Amino acid sequence: MITHWFDIRDERFRALILPNVHVDVLYEGGRWLEGPVYVPAARHLLFSDIPNDRVLRFDEVTGAVTPFQSPSFFANGHTLDPSGRVLACEHQNRRVARFEHDGSVTTVADSHDGRRLNSPNDVIVARDGSVWFTDPTYGIATEYEGARTASEIGSNNVYRVGADGRTEAVITDLVQPNGLALSPDERILYVADSGSSPSRLLAYPLGADGRLGPPRLLCEAEAGIYDGFRIDRHGNIWTSAEDGVHCLAPDGTLLGRIVLPEVAANVEFGGRFRNRLFICATQRLYSVYLNTTAAR
């Protein structure tokens, strides 16, 4: 039996939880699940099973989970761009790839200053089409999630790819940058540093010119690490953690937790009304309906 519950730390969290809802187990049998992205046009969720080198597909209409891509080049994070195209962070290819509507694949970024990237981990696309991604070394540290090799860049950065296609390192002082997301008004870039001790969630002011200001420390993980996260329409941050999913207010206050029996890695809003939170947690894919919706 799978044990889970809602831990309410602040009355604001109670307002985000619907009465009489429960956490659904949609799939079990993964090795380490990450990188979910909801594709509205197909009403399906794509998610990565990284060590098994595959991407799986959850069909929201039938409830079936089937293989979608294998091998997947040890794909990790996914996202959609404004045109509905899927972008993937491929550990093995050490690149961010975009899957075009005609089935072809475009490399968005695979190098910086003539040196290969480490292993892109998470990716988002802003409304202006700029692509932001993190590049830690998890995919080149071991064969389990990619291929063991030395870093050519020598640092673990956050990058921005502008309309001109140029890849710019915008954050260069983190230990292992991991998940990232934009606030609803796209004036704040949130980044998780899963390599710091304790793991931190940082908030960077983002100017209209795409430049970042000095960060503020939003929150430190009580246990485990912050990995992937998403933002709801109120600006609350739903982040993976060692004991499940934590809901943080925009100022970093812990509002509550969705407590799970295994470590959560990534989350994603989806469903017809974007009020269904999908959770990739170690070997299982969960979901829960919330009384809030995705920011975008």
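Model, not experiment: these values are computed from the prediction. Note that the numbering runs from 1 along the sequence shown for the chain.
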Next on the checklist: Show, in sequence, the C-alpha distance, side-chain angles and deciding distance for Val86 and Leu80, and conclude whether the side-chain contact (heavy atoms from CB on, under 4.5 Å) test is met.
Outcome noted: CA-CA 5 Å; Val86 174; Leu80 289 183; 3.6 Å; yes
Next on the checklist: Run the side-chain contact (heavy atoms from CB on, under 4.5 Å) test on Asp81 and Thr79 for me, step by step, so that the C-alpha distance in whole Å, both residues' side-chain angles and the decisive distance to 0.1 Å come before the verdict.
Outcome noted: CA-CA 7 Å; Asp81 71 5; Thr79 195; over 6 Å; no
Item to check | Worked verdict on Phe47 versus Asn266 for side-chain contact (heavy atoms from CB on, under 4.5 Å) | outcome: CA-CA 9 Å; Phe47 59 104; Asn266 289 171; over 6 Å; no
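Side-chain atoms of Thr253 and Arg12, non-hydrogen and from C-beta on, do get closer than 4.5 Å to each other. Under the 4.5 Å side-chain criterion, counting only non-hydrogen atoms from C-beta, Arg43 is in contact with Tyr38. Here the side chains of Ile124 and Leu189 are in contact, with some heavy-atom distance below 4.5 Å. By the 4.5 Å heavy-atom criterion applied to side chains, Val170 and Trp132 are counted as neighbours. At a threshold of 4.5 Å between non-hydrogen side-chain atoms, the residues Trp238 and Thr292 count as touching. Ile237 places none of its side-chain heavy atoms less than 4.5 Å from the side chain of Cys219. Side-chain atoms of Arg200 and Leu174, non-hydrogen and from C-beta on, do get closer than 4.5 Å to each other. The shortest distance between side-chain heavy atoms of Arg9 and Asp7 falls below 4.5 Å.
Cluster membership for Val125 and Val105, using ILVMFWY side-chain heavy atoms within less than 4.5 angstrom, is not shared. Placement of Leu260 and Tyr289 within a single hydrophobic cluster is found when ILVMFWY residues are connected by side-chain heavy-atom separations under 4.5 Å, directly or transitively. Grouping the Ile, Leu, Val, Met, Phe, Trp and Tyr side chains by contacts below 4.5 angstrom, directly or via other members, places Leu277 with Phe13. Grouping the Ile, Leu, Val, Met, Phe, Trp and Tyr side chains by contacts below 4.5 angstrom, directly or via other members, places Leu218 apart from Leu206. Tyr27 and Ile279 fall into different hydrophobic clusters, where Ile, Leu, Val, Met, Phe, Trp and Tyr side chains are chained together by heavy-atom contacts under 4.5 Å.
Distance CD1/Ile17 to CG/Asn20: 12.5 Å, rounded to 0.5 Å. Between atom NE2 of residue His101 and atom CZ of residue Arg85 there is a gap of 6.0 Å, rounded to the nearest 0.5 Å. Ser111 contributes atom OG, which lies 10.5 Å from atom CZ of Arg94 (distance to the nearest 0.5 angstrom). With rounding to the nearest 0.5 Å, the separation of CZ in Phe278 from CG in Leu45 is 5.0 Å. Asp53 CG to Glu145 CD: the interatomic distance, rounded to the nearest 0.5 Å, is 11.0 Å. From Tyr144, atom OH reaches atom CD1 of Ile50 across 9.5 Å, with rounding to the nearest 0.5 Å.
Checked by atom type and distance alone, the side chain of Ser70 never pairs as donor or acceptor with a backbone atom of Arg54 at under 3.5 Å. No donor-acceptor pair closer than 3.5 Å links the side chain of Glu90 to the backbone N or O of Ala97. Put simply, the side chain of Ser194 gets close to the backbone of Gln176: a donor and an acceptor are under 3.5 Å apart. No donor-acceptor distance shorter than 3.5 angstrom exists from the side chain of Glu152 to the backbone of Arg115, with no hydrogens or angles considered. For the pair His246 (side chain) and Leu254 (backbone), a donor-acceptor distance under 3.5 Å is absent. The closest donor-acceptor contact from the side chain of Ser183 to the backbone of Ile188 lies under 3.5 Å. Asp164 places a side-chain N or O within donor-acceptor distance of the main-chain N or O of Arg166, the cut-off being under 3.5 Å. A donor-acceptor pair is defined here as one N or O able to donate and one able to accept, closer than 3.5 Å; such a pair exists between the side chain of Asn291 and the backbone of Ala15. Under a 3.5 Å cut-off, the side chain of Arg148 and the backbone N or O of Ala141 do form a donor-acceptor pair. Proximity of a side-chain donor or acceptor of Thr282 to a complementary backbone N or O of Val263 within less than 3.5 Å is detected.
Ionic pairing of Arg230 and Asp232 is not present here: no N-O contact between side-chain nitrogen and carboxylate oxygen is shorter than 4.0 angstrom. Arg31 and Asp49 are not joined by a salt bridge, as no carboxylate oxygen comes within less than 4.0 angstrom of a charged side-chain nitrogen.
Contact detail for Asp135 and Ser119: the closest heavy-atom pair is OD1-N, 2.8 Å. Closest approach of Asn236 and Pro250 over heavy atoms only: OD1-CD, 3.5 Å. The minimum heavy-atom distance linking Val175 with Gly195 is given by the pair CG1-O, 3.5 Å. The two residues Arg127 and Asp185 come nearest to each other via the heavy atoms NH1-C, 4.2 Å. Taking every heavy atom of both residues into account, Gly213 and Tyr204 meet most closely at O-CD2, 3.5 Å. Minimum heavy-atom separation, Tyr226 to Ser199: N-OG, 3.0 Å.
Asn118 and Asn156 share a donor-acceptor pair across their side chains, judged by distance under 3.5 Å alone. Between the side chains of Tyr190 and Thr239, no donor-acceptor pair of N or O atoms lies under 3.5 Å.
Here the options are Val55, Val123, Leu87, Asp122, the test is side chain to side chain contact (heavy atoms under 4.5 Å, CB included), and the partner is His78; only Val55 passes.
With a 6.0 Å radius and a threshold of 12 heavy atoms from other residues, nucleotides or ligands, Arg216 has its CZ atom above the threshold. Within a 6.0 Å sphere centred on CZ of Phe68, other residues, nucleotides and ligands contribute 12 heavy atoms or fewer.
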